[in-house]
Amino acid sequence: QVQLVESGGGLVQAGGSLRLSCAASGSIFSINAMGWYRQAPGKERVLVARITNGGSTNYADSVKGRFTISRDNAINTVYLQMNSLKPEDTAVYYCNADYRPKTTPQMSLGVWGQGTLVTVSS
């Protein structure tokens, strides 16, 4: 079993910053891409930022220049530094990983974290 554990959410005023962390654990052969998605009330889950194991990144247009995704491959952890937060960034943020399990490394599987709530007040 592979698990993702997120942390770092909370309440912040507009213009403030938060840093989210997501650690992967379990029977992992390798992790390909890791990413952050968010889901606001009444809306679909959407991509925020994604990073490959080689360090290539892509971001949603709405967060470019404000959010930075990074990862530490040695500890299977991905981070999301969120600056200049806006009320519209309020959502549950979910971590996602595409990985290959130890038992069957020829397979590529996906796993989600439980989500962490970010609330930005105006």
* **Heavy-atom donor-acceptor pair, Thr116 side chain to Tyr93 backbone, under 3.5 Å** =>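 No, because the side chain of Thr116 does not come within donor-acceptor range (under 3.5 Å) of the backbone of Tyr93.
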
* **Arg66 backbone acceptor or donor facing Tyr59 side chain under 3.5 Å** =>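 Not a single qualifying donor-acceptor pair exists.
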
Within the structure provided, determine whether [X] and [Y] are in side-chain contact (heavy-atom separation under 4.5 Å).
{"X": "Pro101", "Y": "Phe29", "result": "no"}
{"X": "Arg71", "Y": "Ile31", "result": "yes"}
{"X": "Leu4", "Y": "Trp112", "result": "no"}
{"X": "Leu20", "Y": "Glu6", "result": "no"}
{"X": "Asn53", "Y": "Ser30", "result": "no"}
{"X": "Phe67", "Y": "Leu85", "result": "yes"}
{"X": "Arg38", "Y": "Asp89", "result": "yes"}

* **Whether over 12 other heavy atoms sit under 6.0 Å from Gln3 CD** =>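 Not buried by this count: 12 neighbours or fewer within 6.0 Å.
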
* To do: Assess whether atom CD of Gln106 is packed by more than 12 heavy atoms of other residues, nucleotides or ligands within 6.0 Å.
  =>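 Atom CD in Gln106 is packed in, count exceeds 12.
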
Heavy atoms only: give me the nearest [X]-[Y] pair and the separation to one decimal.
{"X": "Pro87", "Y": "Ser122", "value": "CG-CB, 3.9 Å"}
{"X": "Met34", "Y": "Cys22", "value": "CE-O, 4.3 Å"}
{"X": "Val5", "Y": "Gln114", "value": "CA-OE1, 4.1 Å"}
{"X": "Ser17", "Y": "Gln81", "value": "CB-NE2, 4.0 Å"}
{"X": "Val12", "Y": "Gly16", "value": "CG2-CA, 3.8 Å"}
{"X": "Tyr79", "Y": "Ser21", "value": "CD2-OG, 3.3 Å"}

* With sequence neighbours excluded, what pairs up with Asp98 under the side-chain hydrogen bond (donor to acceptor under 3.5 Å, both in side chains) test? ->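 Listed in chain order: Arg50.
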
* Criterion side-chain contact (heavy atoms from CB on, under 4.5 Å) on Val2 and Leu109, from CA distance to verdict -> CA-CA 10 Å; Val2 173; Leu109 302 175; over 6 Å; no

Is it possible for you to say whether [X] and [Y] belong to one hydrophobic cluster, with membership spreading through side-chain heavy-atom contacts below 4.5 Å?
{"X": "Val120", "Y": "Val63", "value": "yes"}
{"X": "Leu117", "Y": "Tyr37", "value": "yes"}
{"X": "Val46", "Y": "Tyr94", "value": "no"}
{"X": "Ile28", "Y": "Met107", "value": "yes"}

* Salt bridge present between Asp61 and Lys64 (N-O < 4.0 angstrom) ->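 Answer for the salt bridge query: yes.
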
Rounded to the nearest 0.5 Å, what separation is found between the [atom1] atom of [X] and the [atom2] atom of [Y]?
{"X": "Ile69", "Y": "Trp36", "atom1": "CD1", "atom2": "CH2", "value": "8.0 Å"}
{"X": "Leu18", "Y": "Leu80", "atom1": "CG", "atom2": "CG", "value": "9.5 Å"}
{"X": "Arg19", "Y": "Thr68", "atom1": "CZ", "atom2": "OG1", "value": "10.5 Å"}

